[in-house]
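These numbers come from a predicted model, not from an experiment.
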Amino acid sequence: MINCKSTYLTLIVALLLLVPLALIALSIGRMQLSLGQTWAGLIDPKHNALYANILYDIRLPRVLGAMVIGAALASSGIAFQNLFNNPLVSPDLLGVSNGAAVGAALAILLNSNLWVVQGFALIGGILAVSITVLIPRLVGQGGTLILVLSGIIISGFMQAALGLLKYLADPDSQLQSIVYWQLGSIAKLDIPSLLAALPMMIIGFIILIFFRWHLTIMSLGDQTAASQGINIERERLVIILAATLLTAGAVCLAGTIGWIGLVVPHIARRLIGDNARFALPLAAIFGADFLLVIDTLARTMSAGEIPLSILTGFIGTPVFIYILAHRKDLIQWPS
C-alpha cells in the first residue's frame, strides 16, 4: 500500500529543493554573488545592471534549461521503462539520440548556426523513432520486443551514418564541434531556443501525466494491460510519441546527455514505489534537481566547461551499480 501522506510530502520536498538549488546555481560562477545579491538582482534588475546582466543573460537560461532538460529526460526514461516492462532501458532506446546526433552533425557540416543545428537535431531524432516504429508494421509483427530490436537496428544505422559524417568533417573545426555536441552541454543555450522547444516538451509531459495510471498497468505486461481494457497498440504509440517529444527536445537543446533517463527513475521508484502515478512526477522533479547540480559543477569545477555526459557518467555509474547490487531482479528481462 502506498502511504499517500508520505508520498505527497516527498513530492513537495523534492519540488521545494529546486528553489535553493536554483539560487545557489545562479550565485556560483566566475563572478561569485551572495544569495542576497542574487535575490536582489532577480527582484530588481535595475538596481545593479552588472548583476542583472549576469543573472538574466548568462545564468538564468542555463538554470531553467537544466531543469527543463533534466525533467524531460527523467520523465521519458521512466515512461520507456514502464512501457517496455524493463528497468534497464533509457530514453534513447528507439534511436532518438543517435538520430539527433546525425541531424546535428549534418548541420555542422553545412556550417549552420546554432538554431539550424538544433532544428536538424530535432528532425533527426523524430525521424529515427518514426522509422523504428514503422519497421514492426513493415514486417507484420507487433509487441515490445520487435520495437526494441528495431530501435537497436536504427541506432546502429545512425551510428554508422554519424561515423561517416565525422570522417567527412574538417578535423580542425567541424569534428570538434560534433564531438563536443555529442558529449552534451547547455553553455550556448538561450531563452529563445528554450522557448522554441518548450511547447512540444510540455505537450509530451502532459500526455505522459495523462497516461501515468496506464503506464503502471502496462509495466505488468501486455496480457494484464489488455485484460484491463487498455488498447495496447494505440496507447503504446501515444506514449512513445510523448516520450520522443521530450527526449528529442532535450537532445536538440543540449546534445546527448547520458544516465539521467536511466538512473533517476530508479531513485524515484526507490523512494516512492513503482506506481507511475507518483513515480513519474517525482522522477521529473529529481531529473531537474540532478541536472541543475551537474551543470553547476560542469561550469565551476575547472577553468573550462566540462561536458555534461562526462559528469553524469562518473556519477551515474556508481549509483547504478549500487542499485543493481540491491535490486538483483533488475537484470532479469521480464517474459
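- Distance check: Gln81 CD to Ser76 OG gives 9.5 Å after rounding to the nearest 0.5 Å.
- The hydrophobic clustering, which links ILVMFWY residues whose side-chain heavy atoms are closer than 4.5 Å, places Leu93 and Ile131 apart.
- Legend: salt bridge (Lys or Arg N to Asp or Glu O under 4.0 Å) pairs involving residues 115-140, not counting sequence neighbours: none detected.
- The main-chain N or O of Ser27 is found under 3.5 Å from a side-chain atom of Arg59 such that the two form a donor-acceptor pair.
- Nearest heavy atom pair, residue Leu33 against residue Leu26, reads CD1-O, 4.4 Å.
- Residues Ile260 and Leu189 fall within the same hydrophobic cluster, defined by Ile, Leu, Val, Met, Phe, Trp and Tyr side chains chained together at heavy-atom separations under 4.5 Å.
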Mind running side-chain contact (heavy atoms from CB on, under 4.5 Å) on Ile306 and Leu297 for me, showing each step along the way?
CA-CA 8 Å; Ile306 301 175; Leu297 293 174; over 6 Å; no
Without placing hydrogens or testing angles, list every side-chain donor-acceptor pair under 3.5 Å for residues 16-24, not counting sequence neighbours.
none

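- Counting all heavy atoms, side chain and backbone alike, Phe80 lies closest to Ala243 at CE1-CB, 3.6 Å.
- The minimum heavy-atom distance between Asn82 and Ala276, with the atom names listed, is ND2-CB, 3.6 Å.
- Connection of Met67 to Ile267 is established within a shared hydrophobic cluster, with ILVMFWY side chains joined at heavy-atom distances below 4.5 Å, either directly or through further cluster members.
- Other members of the cluster containing Leu138 are Leu134, with ILVMFWY side chains joined at under 4.5 Å, either directly or via other members.
- In plain terms, the two heavy atoms of Leu109 and Gln174 that are nearest each other are O-NE2, 3.3 Å.
- Using a 4.5 Å heavy-atom cutoff, the side chains of Leu11 and Leu15 are not in contact.
- With sequence neighbours excluded, the residues forming a side chain to side chain donor-acceptor pair (under 3.5 Å) with Ser173 are Asp170, listed by chain and number.
- Side chains of Glu233 and Leu237 form no contact here, defined as non-hydrogen atoms less than 4.5 Å apart.
- In this structure, Ile153 shares a hydrophobic cluster with no other residue, the cluster being traced through Ile, Leu, Val, Met, Phe, Trp and Tyr side chains under 4.5 angstrom apart.
- Side-chain contact between Leu64 and Ile191 is present, with heavy atoms from C-beta onward closer than 4.5 Å.
- At least one side-chain heavy atom of Leu162 sits less than 4.5 Å from a side-chain heavy atom of Val102.
- Atom OH of Tyr56 has more than 12 neighbouring heavy atoms from other residues, nucleotides or ligands inside a 6.0 Å radius.
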Full working for side-chain contact (heavy atoms from CB on, under 4.5 Å) between Met31 and Leu50
CA-CA 10 Å; Met31 180 177 180; Leu50 177 61; 3.6 Å; yes
Show, in sequence, the C-alpha distance, side-chain angles and deciding distance for Val263 and Phe290, and conclude whether the side-chain contact (heavy atoms from CB on, under 4.5 Å) test is met.
CA-CA 10 Å; Val263 174; Phe290 182 71; over 6 Å; no
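- The nearest pair of heavy atoms linking Ala248 to Leu122 is CB-CD1, 3.7 Å.
- Side-chain contact between Met201 and Leu253 is present, with heavy atoms from C-beta onward closer than 4.5 Å.
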Applying side-chain contact (heavy atoms from CB on, under 4.5 Å) to Leu94 and Ile154, what does each step give before you reach the verdict?
CA-CA 7 Å; Leu94 301 183; Ile154 296 304; over 6 Å; no
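- Glu305 is linked by a side chain to side chain donor-acceptor pair (under 3.5 Å) to Arg62, counting only residues two or more places apart in sequence or in another chain.
- With a 4.5 Å cut-off on side-chain heavy atoms, Ile202 and Phe205 do not count as touching.
- Every residue two or more places apart in sequence or in another chain was checked for a side chain to side chain donor-acceptor pair (under 3.5 Å) with Asp44, and none qualifies.
- One distance of note links CD1 of Ile257 with OG1 of Thr247; it measures 11.5 Å at 0.5 Å rounding.
- To the nearest 0.5 Å, atom OG1 of residue Thr7 and atom CD1 of residue Ile272 are 4.5 Å apart.
- At a threshold of 4.5 Å between non-hydrogen side-chain atoms, the residues Leu291 and Ile294 count as touching.
- By the side chain to side chain donor-acceptor pair (under 3.5 Å) test, Ser75 is found to be paired with no residue, residues two or more places apart in sequence or in another chain being considered.
- In this structure, Trp213 stands alone, with no Ile, Leu, Val, Met, Phe, Trp or Tyr side-chain heavy atom under 4.5 Å from its own, directly or through other members.
- Taken to the nearest 0.5 Å, the CG atom of Leu208 stands 6.5 Å off from the CG atom of Leu215.
- Side chains of Ser97 and Thr256: a donor-acceptor N/O pair is absent below 3.5 angstrom, by distance only.
- For Val117, the side-chain contact (heavy atoms from CB on, under 4.5 Å) partners two or more places apart in sequence, or in a different chain, are Ala104, Ala107, Ile108, Trp181.
- A donor-acceptor pair under 3.5 Å links the side-chain atoms of Thr244 to the main chain of Ile240, judged by distance alone.
- Atom NZ of Lys166 has more than 12 heavy atoms from other residues, nucleotides or ligands within 6.0 Å.
- The CD atom of Gln118 sits 12.0 Å away from atom CD1 of Ile123, with the distance rounded to the nearest 0.5 Å.
- The hydrophobic clustering, which links ILVMFWY residues whose side-chain heavy atoms are closer than 4.5 Å, places Leu164 and Phe120 together.
- Placement of Val319 and Val293 within a single hydrophobic cluster is found when ILVMFWY residues are connected by side-chain heavy-atom separations under 4.5 Å, directly or transitively.
- Judged as a salt bridge (Lys or Arg N to Asp or Glu O under 4.0 Å), not a single pair has a partner in residues 89-106 (not counting sequence neighbours).
- For Arg299 (side chain) and Ile28 (main-chain N/O), a donor-acceptor pair under 3.5 Å exists by modelled atom type.
- In this structure, Ile58 CD1 and Asn53 CG are separated by 5.5 Å, a value rounded to the nearest 0.5 Å.
- Here Leu9 is tied into one hydrophobic group with Val13, each link being a pair of ILVMFWY side chains closer than 4.5 Å.
- A donor-acceptor contact shorter than 3.5 Å links the side chain of Thr312 to the backbone of Gly258.
- Contact record, Leu282 with Leu271: CD2-CB, 4.4 Å, taken as the closest heavy-atom pair.
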